[in-house]
Amino acid sequence: MRYYGGKDKLLDLIEIGVKKTELNHGAKFVDLFTGTTVVAQHFKKKGYTVIANDFLEFSFALAKTYIELNEEPKFLKLKKHLGVNHIDQNYVIGYLNNLSPQKSFIFKNYCPDGNEGRRYFSNENGQKIDAIREKIEEWKKADVVSELEYYYLITALLEAINLVSNVAGTYSAYLKIWDQRAVKPIILTAPEIIPSNRNNKAFKRNANELIKEIKNIDILYLDPPYNSRQYAANYFILELVAEGWFGAKKPVITGKTGMRNYDHQLSEYCYKGRASKALDYLISNASAKYILLSYNNEGVIADNEIKNILTRKGKVQLFKKTHKRYKSINQKDDDPKNTEERLYFIETSLATKRANKLDGQSWLQYSFSIWRDIAKNQEEYRLKHPAIFPLQLAERIIDVLTNGSGKNILDCFAGSGSTLIAGLKKGMNVYGVDVSDEFQKLFFSRINNHYLPYKENGKINYFVKDAREITKFIEPNSIDLCLTSPPYWDILNARRSADLKIGRNYTNKTQDIGNIESYNNFLEELKKIMAEVSKTIRENGYCVMVVMDIRKGSKFYPFHSDVAKIMEEVGLTFEDLLIWDRQKEYNNCKPLGYPYKFIVNKVHEYILIFKKYGHNK
């Protein structure tokens with residue numbers, strides 16, 4: 001749609017700000033000055049929960065159609081009303097296109113053969129617009145279309161009008177000579193609906209009033225008017241068509257262009273003396289974790305004023321892009337050809353208090369105590385590591401227990417480096433420790449051959465050393481999350497009891513605690529390692545241990561509870577646990593002990609979560 005405030009060519013700049021939030025899809029994205037809904041549509045397509053608002057009716061119609069409507073309209077009431085056997089959106093659009101022309105409001109006021117000789121539309125198109133708009137209104141009054149179906153049809157008409165309007169860009173004036181587009185016949189096409197299962201909503205409210213009612217906003221995007229041009233005036237015909245001219249709504253039009261009165265739709269953001277106060281009020285009432293403000297160097301609010309307003313809300317960063325200047329009819333030859341588009345990024349105090357960046361839906365899903373959807377990828381299956389845990393598991397734990405990139409992630413039994421790769425994918429600095437240089441080589445091979453795009457996302461440190469000496473090469477109180485899976489004693493040297501698969505140990509090195517024969521001695525050495533590891537974890541940092549209980553012959557070893565005891569003894573608090581259900585991987589299980597003694601097939605592992613509290617527990 002021809003629209004001088006559109007952000008089609010600035011989506012890449014806006015994306016920079018949204019990516020900085022590191023909020024997952026499903027997060028609440030609020031577009032408070034949505035206009036043609038370009039930005040709102042973009043983030044709806046990406047899976048965010050979108051709220052779009054504008055106080056103009058034609059923008060509200062677009063938001064109802066492209067944001068709130070999540071599936072193609074069914075028109076079931078209209079089907080019965082028209083007495084047809086089949087109906088869909090294409091049938092309804094075709095029905096409207098085939099209506100007979102009608103000389104009504106648009107023809108009389110905005111066509112050359114009308115009352116005033118205006119040239120916004122050809123005579124033929126003006127009559128078609130009248131016929132279509134009045135039919136849509138008739139269906140609405142007869143209650144044979146729903147609210148969303150009504151706005152869907154209004155949107156189809158608005159978009160068709162935009163293609164045949166005899167204007168340079170805005171509707172503040174018509175062209176004296178017919179534009180080639182304006183002499184083509186108007187044809188409605190079905191709007192392309194963006195499918196979504198989110199509760200997306202459209203509003204038609206004053207932004208400064210609505211902001212006080214919307215709570216728990218993840219990303220607030222603001223694109224207020226920059227200058228003195230009022231949108232209600234510049235797009236008054238689209239607004240006329242959207243509102244209609246029926247009954248009490250019948251507008252009074254005046255002047256050479258036939259503009260209707262728009263005093264009730266004046267924006268405070270278009271006045272130099274009022275705009276900064278309006279912005280200050282809006283920002284101070286915003287309950288958002290992140291705020292993104294689009295503006296440019298020609299706006300009525302000066303850059304220093306904007307920064308002063310935003311700084312009171314949080315930390316401000318500025319991103320810029322040179323953009324071709326909108327060319328108005330009265331533009332002079334020596335006027336600037338480009339403008340500097342700006343995106344102000346604000347991280348508020350609500351963001352820094354978050355435990356993580358999860359949206360509500362993911363938070364709920366991950367909070368269930370059994371994780372059944374974890375699976376290895378193809379690269380992990382081909383690796384044939386004796387006891388690898390999937391990247392998906394490591395990534396999810398990192399998502400749950402950290403709140404942004406740049407954190408330090410440790411795996412003190414690093415092996416092939418799944419924790420480290422997951423950390424790099426999330427933009428973390430990673431530290432791995434293992435006694436085997438073969439595993440170190442395997443890790444770098446995986447990075448270089450399969451995960452190279454993530455290699456530069458953070459610092460990589462992989463030490464071939466004994467973890468009992470970890471504080472000699474990793475600084476104390478520096479690790480945000482230790483995520484590891486220790487050897488399950490020497491169980492890899494034996495067959496797996498559940499499906500009799502042959503085990504394969506990590507190494508034959510004496511430093512490898514997975515080669516210790518005595519269970520008690522194994523626990524003592526594990527405790528020594530974790531005591532040192534705990535020193536590297538910062539205050540309020542986490543340590544997560546992925547473990548499995550053990551059975552040797554007839555004896556059962558409750559490894560997860562022994563690990564919990566060890567971790568409490570080295571100074572960490574046992575916060576919680578999750579069950580990792582791996583039953584799908586055990587496809588050849590035997591009825592253990594049958595028929596003499598019932599023995600449980602252990603097809604799950606424990607994810608034990610520990611926290612290092614400081615003085616303010």
Side-chain angles (χ1 to χ4, degrees), residues 355-356 389 393-395 397-437 439-440 443 457-487 506 509 511-514 522-547 562-577 607-617:
N356 56 44
F389 62 76
L393 177 66
E395 288 183 52
I397 292 170
I398 291 170
D399 282 341
V400 167
L401 296 179
T402 65
N403 67 354
S405 61
K407 302 294 189 295
N408 295 328
I409 308 295
L410 167 67
D411 187 345
C412 54
F413 298 98
S416 63
S418 292
T419 293
L420 311 189
I421 294 169
L424 290 170
K425 289 182 72 175
K426 298 296 180 180
M428 308 295 184
N429 303 313
V430 296
Y431 298 78
V433 182
D434 204 284
V435 296
S436 170
D437 58 350
F439 277 135
Q440 183 194 51
F443 162 69
N457 282 4
K459 296 177 182 178
I460 300 175
N461 302 273
Y462 195 120
F463 302 97
V464 181
K465 294 181 180 292
D466 190 328
R468 280 166 282 219
E469 299 179 344
I470 198 169
T471 52
K472 293 182 179 180
F473 46 89
I474 294 181
E475 187 178 343
N477 303 308
S478 64
I479 299 299
D480 296 282
L481 168 65
C482 173
L483 169 54
T484 193
S485 182
Y506 291 112
K509 295 179 179 289
Q511 306 103 304
D512 185 347
I513 64 173
F522 163 72
L523 291 180
E524 287 177 10
E525 294 305 310
L526 178 61
K527 182 176 180 180
K528 290 178 183 177
I529 292 172
M530 300 316 297
E532 293 303 300
V533 168
S534 70
K535 296 175 184 176
T536 69
I537 300 172
R538 66 167 178 81
E539 184 176 307
N540 294 316
Y542 287 92
C543 181
V544 175
M545 305 275 279
V546 181
V547 300
D562 290 333
V563 168
K565 181 180 178 183
I566 284 172
M567 298 300 283
E568 290 272 1
E569 289 173 352
V570 302
L572 300 183
T573 300
F574 192 3
E575 284 280 283
D576 218 326
L577 65 79
I607 302 169
L608 309 178
I609 304 171
F610 305 94
K611 188 169 184 178
K612 183 178 181 179
Y613 282 102
H615 299 295
N616 299 316
K617 181 176 177 181

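Numbers here simply count residues along the sequence, with the first being 1.
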Going from [atom1] on [X] to [atom2] on [Y], what distance comes out if it is rounded to the nearest 0.5 angstrom?
X	Y	atom1	atom2	result
Phe463	Asp434	CZ	CG	13.0 Å
Tyr431	Tyr462	OH	OH	16.0 Å
Ile409	Thr402	CD1	OG1	5.5 Å
Arg468	Ile529	CZ	CD1	5.0 Å
Met545	Met530	CE	CE	4.0 Å
Ile609	Leu481	CD1	CG	10.0 Å

Taking salt bridge (Lys or Arg N to Asp or Glu O under 4.0 Å) as the test, write out the residues that go with Glu475, two or more places apart.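 Glu475 satisfies salt bridge (Lys or Arg N to Asp or Glu O under 4.0 Å) with no other residue.
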I'd like to check the salt bridge (Lys or Arg N to Asp or Glu O under 4.0 Å) partners of Lys407; sequence neighbours left out, ordered by chain and number.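 For Lys407 there are no salt bridge (Lys or Arg N to Asp or Glu O under 4.0 Å) partners, ignoring immediate neighbours.
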Closer than 4.0 angstrom, basic N to acidic O: yes or no for Lys528 and Glu525?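 Yes, Lys528 and Glu525 are salt-bridged.
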Whether Lys612 and Glu539 form a salt bridge (side-chain N of Lys/Arg under 4.0 Å from carboxylate O of Asp/Glu) is what I want to check.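 So Glu539 does not pair with Lys612 through a salt bridge.
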Nearest atoms (heavy-atom pairs only) where [X] meets [Y]:
X	Y	value
Val546	Pro486	O-CD, 3.8 Å
Asn403	Ala355	CB-O, 3.4 Å
Cys482	Cys412	SG-SG, 4.1 Å
Ser436	Val464	C-CG1, 3.9 Å
Val435	Asp466	CG1-CA, 4.3 Å

Compare all side-chain heavy atoms of [X] with those of [Y] and state whether any distance is below 4.5 angstrom.
X	Y	result
Asn457	Lys425	no
Ile607	Asp576	no
Lys459	Asn461	yes
Val533	Val570	no

Just by distance, no angles: are the side chains of Asn408 and Ser478 close enough, under 3.5 Å, to form a donor-acceptor pair?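 Looking only at side-chain atoms, Ser478 and Asn408 do not form any donor-acceptor pair under 3.5 Å.
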Are a donor atom and an acceptor atom from the side chains of Asn477 and Lys535 found within less than 3.5 Å of each other?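 Asn477 vs Lys535: no donor-acceptor pair found between side chains.
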Sequence-distant partners of Phe610, ring-ring contact (aromatic ring centres under 6.0 Å, His included), two or more places apart: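 Phe610 satisfies ring-ring contact (aromatic ring centres under 6.0 Å, His included) with Phe574 only.
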Among Leu572, Leu526, Asp562, find the residue that satisfies the side-chain contact (heavy atoms from CB on, under 4.5 Å) test when tested with Met567.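 By the side-chain contact (heavy atoms from CB on, under 4.5 Å) criterion, Met567 pairs with just one of Leu572, Leu526, Asp562: Leu572.
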